[in-house]
Amino acid sequence: MFDLLVALLLVAAMLEVLVGRNSPAAPHTTLWFVLPAIALLVLPILARRRFPFAPAAHWVLAVAISFVDWRLIPYAISIFVVGLVAAFLLGNLRDPVQAAVGLAFVVGGPVAVVYMIPGHSAAEIIFIPLEFAICWVAGFALRERAEQAEAAEGRAEQAERERDAAARIAVAEERVRIARELHDIVAHAVSVMVLQVGAVRHRRPDAPAEDREALRSVEQVGRTALAEMRGLLAAMRRDGDEPEFSPQPGLDRLDTLLEEVGRAGLPVQLHVDGEPVELPRGIDLSAYRIVQEGLTNALKHARASNAEVTVRYRPDELQIEVRDNGAGSSASDGLGHGLVGVRERVKIYGGEMSAGSVNGSGFILSTRLPLGGELR
């Protein structure tokens with residue numbers, strides 16, 4: 001579109017000369033010189049994409065043409081507009097050194113052209129170049145603003161990349177944390193299986209050899225699995241992490257958790273809907289962690305004065321809701337976990353999670369854990 005406008009200025013300048021060629025103020029040189037000269041004045045503008053400093057050639061050509069016929073440049077108004085465009089483009093150059101040199105062309109070129117006009121005045125020598133300088137300043141200011149916008153966009157993109165990277169790291173760390181916590185549960189189950197198989201094998205000394213060998217094989221595989229699990233857990237543990245010997249908590253320890261949060265400054269009410277049932281250990285642990293993370297966010301980030309925890313036992317699922325009256329919640333507890341951890345815990349059991357503010361006040365964390373679901 002810009003190049004089209006420049007081309008229209010070229011056509012307009014040529015028409016000005018053709019229509020007014022019999023005027024006393026018209027250029028005295030032949031059309032064979034005037035028309036190509038006008039085209040040469042516009043050509044550097046069109047070449048700016050490949051040669052950004054090319055608009056400076058407009059002023060060099062203008063001075064050279066004025067030496068041949070001083071009437072051409074001041075006669076065509078369209079050429080004056082082309083000069084303004086050239087000044088703007090030189091001010092808009094990315095390279096500040098080139099832009100500064102361009103200012104010298106923008107000021108010096110018009111001074112030379114005006115000086116060659118017979119009877120020129122001092123005001124013309126001053127104010128005509130000043131008009132072109134103003135266009136240069138406009139181009140320079142627009143370049144500064146464009147660079148600031150690009151820098152802001154770059155910072156926004158960098159921040160987004162950092163947030164994505166931080167989110168991936170948080171997810172990875174939370175998955176390792178979940179794996180470490182579930183290790184005790186799985187290891188306990190496998191240990192019970194190994195002990196039971198060993199007990200059966202020892203109680204049946206008269207069993208067929210094939211049966212005893214099959215039981216011995218199952219027992220050996222179980223022991224190998226336990227050893228490999230312990231090795232994997234050690235590999236996942238970060239430097240400085242100490243082994244955890246205390247049993248993993250469940251919903252039966254919610255009262256203790258609520259008391260601790262209350263002593264920290266956030267009173268919590270617990271509501272239980274439905275008949276409590278014995279939950280699978282993994283789901284029981286995840287349910288406890290969900291409540292813990294929800295209350296941690298409410299305590300640290302939401303500036304809440306009270307909170308409510310609702311646990312609903314349903315035949316096929318466990319529903320948990322943590323509600324507070326604060327100003328909102330954070331997606332992190334400062335350690336890369338928080339709602340990221342809740343989302344991962346719900347995800348591995350095929351459940352659902354929702355979190356958000358309520359009418360601009362308060363925050364609700366709601367999760368659903370299927371009781372018959374399998375680990376994903």
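Since we're looking at a predicted model, the values are computed, not measured.
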Report the distance from atom CZ of Arg263 to atom CG of Leu258, rounding to the nearest 0.5 Å.
-> 11.0 Å

With a 3.5 Å cut-off and no angle check, do the side chains of Arg289 and Gln292 form a donor-acceptor pair?
-> yes

With a 4.5 Å heavy-atom cut-off, do Ser366 and Ile320 have their side chains touching?
-> no

Check step by step if side chain to side chain contact (heavy atoms under 4.5 Å, CB included) holds for His120 and Ile125.
-> CA-CA 7 Å; His120 62 270; Ile125 289 287; 3.7 Å; yes

Of the non-hydrogen atoms in Asn92 and Gly139, which two are nearest, and what is the gap between them?
-> ND2-O, 2.9 Å

Separation between CG of Leu369 and CG of Leu371, rounded to the nearest 0.5 Å = 8.0 Å

Output, in order, the C-alpha distance, side-chain angles, deciding distance and verdict of side chain to side chain contact (heavy atoms under 4.5 Å, CB included) for Met116 and Val63.
-> CA-CA 9 Å; Met116 283 183 278; Val63 173; 4.1 Å; yes

Find the distance between CG (Leu279) and OH (Tyr288) and round it off to the nearest 0.5 Å.
-> 15.0 Å

Measure the shortest side-chain to side-chain distance between Val107 and Phe132 over non-hydrogen atoms and say whether it is less than 4.5 angstrom.
-> no

For residues Tyr349 and Ile283, report the shortest heavy-atom separation together with the two atoms involved.
-> OH-N, 3.6 Å

Any chance the rings of Trp136 and Phe140 have centres within less than 6.0 Å?
-> yes

Donor + acceptor pair across side chains of Glu144, Gln148 (<3.5 Å) | no

Please tell me if the side chains of Val322 and Ile364 come closer than 4.5 Å, counting only heavy atoms from C-beta onward.
-> no

How about Arg155 and Gln158: does a side-chain donor come under 3.5 Å of a side-chain acceptor?
-> no

Heavy-atom donor-acceptor pair, Asn325 side chain to Asn306 backbone, under 3.5 Å | yes

CZ (Arg161) with more than 12 external heavy atoms under 6.0 Å | yes

Evaluate the side-chain proximity of Tyr313 to Val272: yes if any heavy-atom separation is below 4.5 Å, no if none is.
-> yes

Hits for side chain to side chain contact (heavy atoms under 4.5 Å, CB included) against Ala56, two or more places apart or cross-chain, chain-then-number order -> Phe53, Leu90, Phe105

To the nearest 0.5 angstrom, please state how far the CZ atom of Arg71 sits from the CD1 atom of Ile117.
-> 10.5 Å

Looking only at non-hydrogen atoms, find the nearest pair between Leu251 and Ala287 and report the distance.
-> CD2-CB, 3.7 Å

Evaluate side-chain hydrogen bond (donor to acceptor under 3.5 Å, both in side chains) for Glu317 paired with Gln319, printing each intermediate quantity in order.
-> CA-CA 6 Å; Glu317 65 183 19; Gln319 299 174 2; 2.6 Å; yes

Are Val34 and Val81 in one and the same hydrophobic cluster, where Ile, Leu, Val, Met, Phe, Trp and Tyr link if side-chain heavy atoms are under 4.5 Å apart?
-> yes

Looking only at heavy atoms, what is the nearest atom pair of Ala99 and Leu93, with distance?
-> N-CD1, 4.0 Å

Got a second to check how far Thr367's OG1 is from Arg345's CZ, nearest 0.5 Å?
-> 11.5 Å

Path from Leu103 to Val85 over hydrophobic side-chain contacts below 4.5 Å = no

Does Ile79 belong to the same Ile/Leu/Val/Met/Phe/Trp/Tyr cluster as Leu35, with side-chain heavy atoms less than 4.5 Å apart forming each link?
-> yes

Closest non-hydrogen atom pair between Val346 and Arg368, with its separation | CG1-O, 4.2 Å

CG of Asn297 to CG of Asp324: how many Å apart, nearest 0.5 Å?
-> 9.0 Å

Is the side chain of Arg48 donor-acceptor paired with the backbone N or O of Ile45 at a distance under 3.5 Å, no angle test?
-> yes

Could you list all the salt bridge (charged side-chain N to carboxylate O under 4.0 Å, His left out) pairs where at least one residue sits in residues 89-101, not counting sequence neighbours?
-> Arg94-Glu150

Going by heavy atoms in the side chains, are Ile38 and Val82 under 4.5 Å from each other?
-> no

Partners passing side chain to side chain contact (heavy atoms under 4.5 Å, CB included) against Asp273 (at least two apart in sequence or in another chain) = Arg312, Arg314

Minimum heavy-atom distance Leu84-Cys135, with the two atoms named | CD2-SG, 3.6 Å

Hey, quick one: are Ile128 and Tyr115 part of the same hydrophobic cluster, counting side-chain heavy atoms closer than 4.5 Å, chains of contacts allowed?
-> yes

Same cluster or not: are Leu61 and Phe80 linked, directly or through other Ile, Leu, Val, Met, Phe, Trp or Tyr residues, by side-chain heavy atoms under 4.5 angstrom apart?
-> no

